[in-house]
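Just so it is clear, the values below take in all heavy atoms, side chains as well, and ignore hydrogens, waters and symmetry mates.
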Amino acid sequence: SAKMFSPTEYVALDLDFHRAIVNAAHNPLFPLVLDPFMTLMRESRRLGASVDGAPQRTIHAHMNILECIKRRDPDAARNAMKEHCNLVAGFIEKGSSQSAHPPKAATTKRSQRSARQKNAQ
């Protein structure tokens, strides 16, 4: 069973996983490119981690990516990483909207209906 982490601990471990992959590539340019983005990544991960089920699904995706790397299957690893990026992008978007606008069921339904009407025109 997966251990439950505090949001701060979860974000730190998430970034450690990404750093470990970068370091395992043994490409000296990767850390130079990644390091400036760490602050942004920390904030985006914090937002994404606030979405229900996101940490568990992210850990599962990381395990899948790691297994692909251990099998030395670059195509599978690339596909697993693309899926993971899409998943995380959705978590970040949802987390951003939740933090900017606390959920209000009536308002959400009204705005969805309004958006559908605009799209239909």
How many angstroms lie between atom [atom1] of [X] and atom [atom2] of [Y], to the nearest 0.5 angstrom?
{"X": "Leu66", "Y": "Phe17", "atom1": "CG", "atom2": "CZ", "value": "5.5 Å"}
{"X": "His84", "Y": "Phe91", "atom1": "NE2", "atom2": "CZ", "value": "9.0 Å"}
{"X": "His18", "Y": "Met81", "atom1": "NE2", "atom2": "CE", "value": "5.0 Å"}
{"X": "Ile92", "Y": "Arg45", "atom1": "CD1", "atom2": "CZ", "value": "5.5 Å"}
{"X": "Asn23", "Y": "Leu34", "atom1": "CG", "atom2": "CG", "value": "9.0 Å"}
{"X": "Ser44", "Y": "Met41", "atom1": "OG", "atom2": "CE", "value": "6.5 Å"}

Joint hydrophobic cluster, Phe30 plus Ile69, side-chain heavy atoms closer than 4.5 Å: no
Minimal non-hydrogen separation, [X] against [Y], with atom names:
{"X": "Pro31", "Y": "Pro36", "value": "O-CD, 4.5 Å"}
{"X": "Ser50", "Y": "Gly95", "value": "OG-CA, 3.8 Å"}
{"X": "Ala54", "Y": "Gly48", "value": "CB-O, 3.2 Å"}

Less than 4.5 Å apart, side chain to side chain, heavy atoms only: is that true for [X] and [Y]?
{"X": "His62", "Y": "Asp14", "answer": "yes"}
{"X": "Val33", "Y": "Val22", "answer": "no"}
{"X": "Ser6", "Y": "Glu9", "answer": "yes"}
{"X": "Leu40", "Y": "Phe37", "answer": "yes"}

Neighbour count >12 (heavy atoms, 6.0 Å) for atom CD, Glu43: yes
Test log, rule side chain to side chain contact (heavy atoms under 4.5 Å, CB included), inputs Arg19 and Asp16: CA-CA 5 Å; Arg19 270 195 213 97; Asp16 284 348; 2.9 Å; yes
